[in-house]
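Nothing fancy with the numbering, it's 1 onward along the sequence.
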Amino acid sequence: ANPYLTISVGIQNCPTNSVVMVSNGDYSTESITINKSMDITCTAEFGVQIGSITFDGAISTRVSNIQITGNISNINDSGGWRLYNCRYDGDVSIQGALTNNIVFESCYGSSNTATFTVNVSNFNPIQITGGNHLSSFIMSGIANNLLVYNTQSIGGITHEKGLLVLADSG
């Protein structure tokens, strides 16, 4: 248990496949980049508010119980990440070749103005399960697969290519 002044420094200093436990608080001025497999969580539901998150590379990462006040994005053909029981206020942008699927499970988009844009070049799916996504989904690119299950409400969906599955969603 090494305390660090910022989440970014904690991520940089932890070994791959570690659990990063973030103390409750407002870190909304901090933008973090996750470039290794790990779990990032806090003890209280939405007890941590962070700025933006960027996922970098082929990683197996789970982020849970955190409110993201900025944007969520990926770089360098990433995949294999899961957001569980998170809130997000900003835009979500997923692009490139996904190395594995991406899952938003029991998450809540808390802004009617946020957009969820996907522009990927292969068939690994983006799965939305549970929660309430007020975003407008914009799907473009060569082969997007969007799977939406058990979701209370979503904004409009613009879907140009690939597979779209809506089940038990409204």
Have [X] and [Y] got a donor and an acceptor in their side chains that come within less than 3.5 Å?
{"X": "Ser37", "Y": "Thr61", "answer": "no"}
{"X": "Gln95", "Y": "Asn74", "answer": "no"}
{"X": "Asp26", "Y": "Ser28", "answer": "yes"}
{"X": "Ser31", "Y": "Ser52", "answer": "yes"}

Please report the closest heavy-atom contact between [X] and [Y], naming both atoms and the distance.
{"X": "Ala44", "Y": "Asn24", "result": "CB-ND2, 3.5 Å"}
{"X": "Ser64", "Y": "Thr41", "result": "OG-OG1, 2.9 Å"}
{"X": "Cys86", "Y": "Asn65", "result": "SG-N, 3.9 Å"}
{"X": "Ser106", "Y": "Tyr108", "result": "O-CE1, 3.4 Å"}
{"X": "Asn85", "Y": "Phe46", "result": "O-CE2, 3.2 Å"}

Close side-chain approach of [X] and [Y], heavy atoms under 4.5 Å:
{"X": "Ile53", "Y": "Ile34", "answer": "yes"}
{"X": "Tyr27", "Y": "Thr29", "answer": "no"}
{"X": "Asn101", "Y": "Trp81", "answer": "no"}
{"X": "Ile72", "Y": "Phe55", "answer": "yes"}
{"X": "Gln67", "Y": "Asp89", "answer": "yes"}

Salt bridge (charged side-chain N to carboxylate O under 4.0 Å, His left out) against Arg62, all qualifying residues, sequence neighbours excluded: none
Evaluation steps, side chain to side chain contact (heavy atoms under 4.5 Å, CB included), between Ile102 and Leu83: CA-CA 8 Å; Ile102 294 172; Leu83 275 71; over 6 Å; no
Expected output: side-chain Asn35 to main-chain Asp56 donor-acceptor under 3.5 Å: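 Between the backbone of Asp56 and the side chain of Asn35 there is no qualifying donor-acceptor contact (under 3.5 Å).
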Side chain Glu30, main chain Thr6, donor-acceptor under 3.5 Å: no
Residue pair Ile32, Ile50: steps toward the side chain to side chain contact (heavy atoms under 4.5 Å, CB included) verdict: CA-CA 8 Å; Ile32 63 172; Ile50 62 171; 3.9 Å; yes
Contacts under 3.5 angstrom, residues 9-21 side chains, donor-acceptor by atom type, not counting sequence neighbours:
residue	atom	partner	partner atom	Å
Asn13	ND2	Val9	O	3.1
Ser18	OG	Pro15	O	2.6

Candidate pair Cys107 and Arg87, rule side chain to side chain contact (heavy atoms under 4.5 Å, CB included), full reasoning: CA-CA 6 Å; Cys107 291; Arg87 290 189 183 274; over 6 Å; no
same_hphob_cluster(Tyr84, Val92) at 4.5 Å side-chain heavy-atom cutoff: no
Connected hydrophobic set around Leu5, excluding itself, where side chains approach under 4.5 Å: none
Residue pair Ile40, Ile66: steps toward the side chain to side chain contact (heavy atoms under 4.5 Å, CB included) verdict: CA-CA 9 Å; Ile40 300 174; Ile66 290 177; 3.8 Å; yes
